[in-house]
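Have a look at the structure below before the remarks.
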Amino acid sequence: MGWQGRMAIVTTSRRTLAGAVAAAAVASALLATIAARSGATAQPSLTVRVPPPATDRIYGSPLARGRPIVVIDAGHGGRDPGARSVSGDIAEKDLTLALAGELRDDLVKRGRVRVAMTRDDDRYLTLEDRAAVARRLNAAMFVSLHMDSAPNALARGASVYSLSDIASDAEAAHFAATQNAGAVADGPGSSVQAILSDLAMRTQMSASADLASRLVNKSAGRFELRPQPHRFAAFHVLRRAATPAVLFEAGYISNADDEVLLRDTAHRSAIALALAQAIEADVAARSRH
Ligand SMILES: [Zn+2]
């Protein structure tokens with residue numbers, strides 16, 4: 001009920017002069033409150049606090065204490081909605097956040113790794129904000145989640161991109177260039193220059209490729225993959241994460257069938273489980289070296 005409804009009850013339930021005065025007082029108090037609120041919204045700079053750009057909160061079961069940290073990056077957010085679905089009903093940023101939350105919960109429940117998220121709500125982050133979370137936490141890996149979209153309405157299936165100097169194909173090169181475009185405006189220190197030595201960069205690239213193959217292997221037979229599902233390109237956000245890093249495209253929201261699947265919790269659970277198993281296998285394999 002709004003304030004008009006409340007005023008109506010007050011004025012009809014009071015019949016005496018005193019009651020009418022009381023009603024008028026309530027009405028003026030309500031009007032004063034409304035005036036104060038609209039005054040506050042007219043000058044948001046006085047009251048709005050800017051939240052930290054990204055979160056360093058670590059999720060984990062007590063048993064996972066000291067275990068490697070996996071950073072899950074829900075693509076897009078806030079004023080960057082990402083692609084819009086073919087039905088027009090949902091944006092990429094909402095589906096990436098849903099899948100990121102489901103993957104986090106799976107990993108935490110299974111207890112073999114700890115998890116951090118670049119965002120756990122609808123907020124805008126630069127690519128550098130995202131990569132910086134992995135560096136600050138000295139993360140064991142960085143997994144960025146996206147939903148694909150293409151002019152060809154028939155294109156469907158999931159794919160994984162890993163970091164490389166040389167793109168696997170023209171489409172991957174174009175995709176990385178589009179992703180990297182936002183990084184130019186990110187501010188100082190965010191250009192695509194390497195922050196690691198050449199040797200460290202080679203190691204990061206080959207470990208990223210291993211992680212991507214594991215993701216493909218665990219996904220195969222559980223949900224549809226694109227032809228040649230593992231692709232390579234020079235992604236700014238993956239390079240700057242300074243740890244094995246992949247970009248996972250869960251399917252095409254530009255395809256009507258994929259959109260239905262990606263909006264379905266059961267389908268996303270199957271994806272989250274495959275990702276969780278691949279992540280754990282990768283952490284286990286690297287801890288044996
Ligand atoms: Zn995206």
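Along the sequence shown, residues carry numbers from 1. Note that this is a predicted model, so its numbers are computed, not measured. Counting convention: from 1, in listed order, for ligands and their atoms alike.
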Requested in this report: Starting from the C-alpha separation in whole Å, work towards a yes-or-no answer on side-chain hydrogen bond (donor to acceptor under 3.5 Å, both in side chains) for E92 and H146.
Outcome: CA-CA 7 Å; E92 183 182 357; H146 289 256; 3.3 Å; yes
Report summary line: Test side chain to side chain contact (heavy atoms under 4.5 Å, CB included), reference Y252, set D258, L261, V86, L262, output is D258
Requested in this report: Have a look at E92 and say which of its N, O or S atoms is nearest the Zn ion (ligand 1).
Outcome: OE2
Query raised in the report: Closest to the Zn ion (ligand 1), which N/O/S atom of H146 is it?
Result: ND1
**Report entry** Name of the residue among V216, V246, L215 meeting side chain to side chain contact (heavy atoms under 4.5 Å, CB included) with H230
**Finding:** V216
Query raised in the report: Is a salt bridge present between R231 and E171, judged by a nitrogen-to-oxygen distance below 4.0 Å?
Result: yes
Query raised in the report: Would one find an N, O or S atom of E249, in either backbone or side chain, under 2.8 Å from the Zn ion (ligand 1)?
Result: no
